[in-house]
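Okay, so here's the structure we're looking at.
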2 protein chains.
Amino acid sequence: MSVRYAILGLLHYRNMHGYEIKRHIENHFGSMWTINYGQIYPNLKSMEEEGCITLDNVTPSERGGPHKKLYAITPMGQEKFKTWLESEENTRISLRDPFLMRFIFFGFGNQEQALANIDNQLKIQEKQLESRRQHLKRWQARGKYVRLVAELGEEFNSGYIKWLKRARQEIMDIQDD
Amino acid sequence: MSVRYAILGLLHYRNMHGYEIKRHIENHFGSMWTINYGQIYPNLKSMEEEGCITLDNVTPSERGGPHKKLYAITPMGQEKFKTWLESEENTRISLRDPFLMRFIFFGFGNQEQALANIDNQLKIQEKQLESRRQHLKRWQARGKYVRLVAELGEEFNSGYIKWLKRARQEIMDIQDD
DNA sequence: TCTACCATGTAATCTGTTACATGATTGC
DNA sequence: GCAATCATGTAACAGATTACATGGTAGA
């Protein structure tokens, strides 16, 4: 459950509320993860119950229920985070990409379809690379670890694009394989 | 649910049983996916009920229940597969790597721990690259699409290693950031 | 004989996604 | 006044992992 540790990690920088945590995970982790409120809020709730985090401040809205809940990490949360940080749990890189899954079977379809599909993927990846680069510029000063992960994201992205172009060429060159 | 399409795709090559499908997905898809029986067998069952695949042959063991169920794709399965293959469902590459998640927060731990953690990851990645290369040699003749995906796996893998080495160097060089 | 691998399956659990519901605030 | 974005939350569902249970076969 690394979402919980991501939250504990982010709370080391400063106290945050759920909405901010989501934004941070999506933007500042090299744009390699997505996350939804369905994960954030239930986790914040259970982590508070366990005592890893605590409510620092609740800004109520004028009329109506509570609004903007600021969370802070507790000493217990810091302890748990430290243990996790020092652990050596490692898995292989897993790349679950629906496009690649289809790509493997392009031999069972027709060539034009395959090329159109590749062009579409190229467009998406190029757009993503552009936004990654913009992001890197803005976040370069955020500490070397964050920057390095953003750089890895960029490298994977541009490597993927190069590969797509090469794949496209190979499919056009050799009709039969 | 791309597992189902992966199964339909593999059954285009030849009839297979669950165990083989698992092996194929793990070894021949560029070693980028893992899968477990908890996904394979229930899916085979429901796909058979839906009529996408059919039992071709059941080799019974001498005494005891059925053994080795060979599945074949049906015309309906081929239809479904074709529709999926021509679709353009695309998502961003998502890289959920527990190591990278920890890496981002290495600034909150100590340097030696970070370096040891990186060295460990390097060892794992290098071992994986070696097995990928062995695999590529054996599978080069399996058709260009399969080969290309295997090559992408190799490129990601060696890119990751290069990045790990650079990250290690940067962490050693600059004490403060 | 024992180990490794072949082979099928289920149940419990965990994780992640989508869709919905609600309402405040900010800027044009 | 309206759109975009800030903000919190839940319910239903989909997908993946782990652990368990069972037994066969091949080779050292």
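Numbered from 1 within each chain, the chains take letters A, B, ... in sequence-line order.
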If you check the [X] side chain, which of [options] turns out closest?
| X | options | value |
| --- | --- | --- |
| A:Arg23 | C:dT8, D:dC6, D:dA16 | D:dC6 |
| B:Arg96 | C:dT17, D:dT17, C:dG9 | C:dT17 |
| A:Tyr19 | C:dA7, D:dT10, D:dA7 | D:dA7 |
| B:Val3 | D:dT8, D:dA16, C:dC5 | D:dA16 |
| A:Tyr37 | C:dG16, C:dT8, D:dT8 | D:dT8 |
| B:Lys69 | D:dA16, C:dG9, D:dT17 | C:dG9 |
| A:Thr34 | D:dG9, D:dT5, C:dT17 | C:dT17 |
| B:His67 | C:dG9, D:dG23, D:dA7 | D:dG23 |
| A:Gln39 | C:dG16, D:dT10, C:dC5 | C:dG16 |

Would you say A:Met101 and A:Arg96 make side-chain contact, with heavy atoms under 4.5 Å?
-> no

Validation row: B:Met16, B:Tyr71 side chains within 4.5 angstrom (heavy atoms) = no

Find the distance [X]:[atom1] to [N]:[atom2] and express it as a whole number of Å.
| X | N | atom1 | atom2 | result |
| --- | --- | --- | --- | --- |
| B:Leu70 | C:dC6 | CG | P | 16 Å |
| B:Ile40 | C:dT8 | CD1 | C1' | 12 Å |
| A:Asn36 | D:dT10 | CG | C1' | 13 Å |
| A:Met47 | C:dT15 | CE | P | 13 Å |
| B:Tyr41 | D:dA21 | OH | P | 18 Å |
| B:Ile35 | D:dT18 | CD1 | C1' | 15 Å |
| B:Lys68 | D:dA26 | NZ | C1' | 13 Å |
| A:Asn43 | C:dC14 | CG | C1' | 11 Å |

Step-by-step side chain to side chain contact (heavy atoms under 4.5 Å, CB included) determination, B:Glu20 to B:His17 | CA-CA 6 Å; B:Glu20 273 183 291; B:His17 52 270; 3.1 Å; yes

Exactly one of B:Tyr5, B:Tyr145, B:Trp84, B:Tyr13 clears ring pair (Phe, Tyr, Trp, His ring centres under 6.0 Å) with A:Phe108, and that residue is B:Tyr13

Using a cut-off of less than 4.0 Å, is there contact between a side-chain N or O of A:Lys45 and OP1 or OP2 of D:dT10?
->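 So the side chain of A:Lys45 is within the cut-off, an N or O lying under 4.0 Å from OP1 or OP2 of D:dT10.
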
Enter the distance from B:Phe106:CZ to B:Phe99:CZ here, rounded to the nearest 0.5 Å.
->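 It is 5.0 Å, given to the nearest 0.5 Å.
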
